[in-house]
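As the structure is a prediction and not an experimental result, all values here were calculated from the model. Chain identifiers are assigned alphabetically (A, B, ...) following the order of the sequence lines, protein sequences preceding nucleic acid strands; residue numbering begins at 1 within each chain.
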Number of protein chains: 2
Amino acid sequence: MFLTLDLESEDPIYTQLKQQIIAGIAKKELTPGEALPSVRALASDLGINLHTVNKAYQQLKQEGFILIHRQKGVVVHPEGVAKADEAYFQLLEKTLHPIIAESICRDVSEETFIKLCKDIYQTYKSEA
Amino acid sequence: MFLTLDLESEDPIYTQLKQQIIAGIAKKELTPGEALPSVRALASDLGINLHTVNKAYQQLKQEGFILIHRQKGVVVHPEGVAKADEAYFQLLEKTLHPIIAESICRDVSEETFIKLCKDIYQTYKSEA
DNA sequence: GTATCTGTTATATTATATGTATAACAGATA
DNA sequence: TATCTGTTATACATATAATATAACAGATAC
């Protein structure tokens, strides 16, 4: 599991951490039950503050991706990530709406958009 | 063109304005050359500050959605929005990646995801 | 010519978000 | 006892978001 940060990015560091861990789970590079580095170890590795890592971990826990045992440490959720429910689909739709609206303005056809999504899906499947 | 704000939203007001104007253009409720309210008029209508509207307008101008004439006012770009180029597709892919990664974690099939995108595309086409 | 409408620019203030820096606490373990 | 967990608290610096006023300069209507 490689974690790389772009300190120039507009995306906050804790967001980058979250996204890369989620991507790791999606690619099955991180498997259920697998241990993640402690907040201090990861912060030290990346040269960032403990609290920044902690914020990412807390949100990942809140969203059901990981479990945190007070003394055992942090692990990828052993029973797998909670499957999409109605609330998630609503959030997903709300997220995609403005993205698709802009694509339509820029003359991106539905077929082209779908193709891009399929290609991205493929990048996660192929590296399983 | 109805503009509604959710002051409780995490999305900044100027972002909501941008998204709704872009959605309006996508739905062809706003047509090329059509005038938009002045910064002061819109701010007054919505009960927000002039600078918040101006920030949205400036970014929409920067991204090619509108034109601003110093004394004539604000209009939807008369020649249509700039079509997607390589830079836009890269940005789009970068935007979709984490969204799709999370969907995969939550067991959303490619077919389900594509279906959702198609449905959203449809909401813009049907109201043309 | 004055008043009014544009967008624009400048300052200042408040609140919130982000990230860092230290320090300490409590449970588990070697 | 020392060291490792996550957790909590406080403080600080910076950036973003939004508001509040004020002023400027060009265009237009009376």
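For the pair A:Asp11 CG and D:dA15 P, the interatomic distance rounds to 18 Å; values are reported in whole Å. For the pair A:Leu5 CG and C:dT20 C1', the interatomic distance rounds to 15 Å; values are reported in whole Å. For A:Gln59 and C:dG19, the CD to C1' distance is 14 Å, given to the nearest whole Å. The NE2 atom of B:His69 sits 17 Å away from the C1' atom of C:dC5 (whole-angstrom rounding). Straight-line distance from the NZ atom of B:Lys18 to the P atom of D:dT16: 14 Å, rounded to whole Å. Taking atom CD1 of residue A:Ile68 and atom C1' of nucleotide D:dT8, one finds them 14 Å apart after rounding to whole Å. Separating the OH atom of A:Tyr57 from the P atom of D:dT5 is a distance of 11 Å, rounded to the nearest angstrom. Residue A:Leu42 contributes atom CG, which lies 10 Å from atom P of D:dG6 at whole-angstrom precision.
Checking the phosphate oxygens (OP1, OP2) of D:dG6, no side-chain nitrogen or oxygen of A:Gln58 falls inside 4.0 Å. Taking only side-chain nitrogens and oxygens, B:Tyr14 never comes nearer than 4.0 Å to OP1 or OP2 of D:dA18. In terms of phosphate contacts, B:Thr52 brings no side-chain nitrogen or oxygen within less than 4.0 Å of OP1 or OP2 of D:dA17. Put simply, B:Ser38 has a side-chain N or O that comes within less than 4.0 Å of OP1 or OP2 on C:dT6. Contact check, B:Lys55 against D:dA17: a side-chain N or O comes under 4.0 Å of OP1 or OP2. In this structure, B:Asn54 does not reach the C:dG7 phosphate: none of its side-chain N or O atoms is under 4.0 Å from OP1 or OP2.
Not a single donor-acceptor pair, N or O on each side, falls under 3.5 Å between the base of D:dT21 and the side chain of B:Arg40.
Of all nucleotides listed (C:dG7, D:dT19, C:dT20), C:dT20 comes nearest to the side chain of A:Ile48. Among C:dG7, D:dT21, D:dG6, the nucleotide with an atom closest to any side-chain atom of B:Asn49 is D:dT21. Of all nucleotides listed (C:dT18, D:dG6, C:dT20), C:dT20 comes nearest to the side chain of A:Ile13. The side chain of A:His51 approaches D:dA9 more closely than any other nucleotide in the set D:dT19, D:dA9, D:dG6.
Between the side chain of B:Arg106 and the backbone N or O of A:Ala82 there is at least one donor-acceptor pair closer than 3.5 Å.
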Take B:Lys125 and B:Lys27, measure what side-chain contact (heavy atoms from CB on, under 4.5 Å) needs, and give me the verdict at the end. CA-CA 7 Å; B:Lys125 283 181 187 165; B:Lys27 290 182 181 175; over 6 Å; no
List the steps, then state whether salt bridge (Lys or Arg N to Asp or Glu O under 4.0 Å) holds for B:Lys115 with B:Glu111. CA-CA 6 Å; B:Lys115 173 73 162 55; B:Glu111 293 71 26; over 6 Å; no
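D:dC4: Watson-Crick or G-U partner is C:dG27, with both key distances under 3.5 Å.
Of the N and O atoms on the side chains of B:Tyr14 and B:His51, not one donor lies less than 3.5 Å from an acceptor on the other residue. A donor atom on one side chain and an acceptor atom on the other are found under 3.5 Å apart for A:Tyr88 and B:Ser103.
Between A:Pro37 and B:Thr15, the residue anchored nearer the 5' end of DNA chain D, judged by the nucleotide with its closest heavy atom, is A:Pro37. Where A:Lys72 and A:Leu50 each meet DNA chain C at their nearest nucleotide, the meeting point lying more 5' is that of A:Leu50.
In this structure, A:Tyr124 has its ring center under 6.0 Å from that of B:His97.
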